[in-house]
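Predicted, not measured: the structure shown is a model, and the values here were computed from it.
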Amino acid sequence: LFSDELIAYAQSGTVVSSKSFVLFHVCQGDNCFYESDEDLYIVDLATYLANVATYHVEKRQNYCQACERFIDTCVVEEEVEEQVEEEVAEEVAEEEVAQEDEA
């Protein structure tokens, strides 16, 4: 990606970057090879951060939209979980009362 000469200049401090850059891999499938230069990209830091921030905002919005779309399914599951928790709490309370009566 960079010439050995340019890398040597940067390591010695002879050349100093006036802008920050990000190197990143973009995986095109299930297999990513970080040693490969085929999927290696470089962009300035500001562009990278703006795109990553946009990605995470959209991901959260999509998640929230999915929750709104399937609220009936999600709420039913939560109600069932709450009912099971209440039943377990009642059983535990009944067992405690039974143990106290035995004592």
Side-chain angles (χ1 to χ4, degrees):
L1 186 62
F2 298 107
S3 70
D4 291 336
E5 186 177 302
L6 188 57
I7 292 171
Y9 285 143
Q11 288 175 341
S12 68
T14 307
V15 173
V16 179
S17 174
S18 61
K19 197 171 188 181
S20 296
F21 293 93
V22 176
L23 287 170
F24 62 97
H25 290 269
V26 175
C27 299
Q28 302 296 329
D30 292 338
N31 297 325
C32 289
F33 300 101
Y34 295 110
E35 296 83 24
S36 172
D37 288 340
E38 292 177 14
D39 60 354
L40 185 63
Y41 296 88
I42 183 170
V43 294
D44 63 286
L45 183 60
T47 300
Y48 178 80
L49 292 176
N51 284 294
V52 168
T54 301
Y55 166 78
H56 285 289
V57 167
E58 289 175 359
K59 183 177 177 183
R60 181 168 176 86
Q61 287 173 343
N62 291 340
Y63 178 81
C64 292
Q65 289 171 355
C67 287
E68 290 171 3
R69 183 174 172 202
F70 298 107
I71 192 160
D72 294 337
T73 304
C74 296
V75 171
V76 170
E77 290 176 5
E78 290 175 2
E79 289 173 356
V80 169
E81 288 176 6
E82 288 175 5
Q83 185 178 4
V84 168
E85 289 174 1
E86 289 174 5
E87 290 174 1
V88 168
E90 288 175 7
E91 289 176 7
V92 168
E94 290 173 3
E95 288 177 10
E96 289 176 353
V97 169
Q99 288 176 354
E100 289 175 4
D101 290 341
E102 291 175 4

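Between I42 and V22 there is no side-chain heavy-atom pair separated by less than 4.5 Å. With contacts defined as side-chain heavy-atom distances shorter than 4.5 Å, the pair Y41/V26 qualifies. Side-chain contact between F24 and L40 is absent, with no heavy-atom pair separated by less than 4.5 Å.
Remark: D4 CG to Q11 CD distance equals 9.5 Å, nearest 0.5 Å.
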Could you pull out all donor-acceptor pairs under 3.5 Å where a side-chain atom in residues 45-58 meets a protein atom, sequence neighbours excluded?
unit_1	atom_1	unit_2	atom_2	d
T47	OG1	D44	OD1	2.7
T47	OG1	D44	OD2	3.1
N51	ND2	T47	O	2.8
T54	OG1	A50	O	2.9

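Within 6.0 Å of CD in E5 there are 12 or fewer heavy atoms belonging to other residues, nucleotides or ligands.
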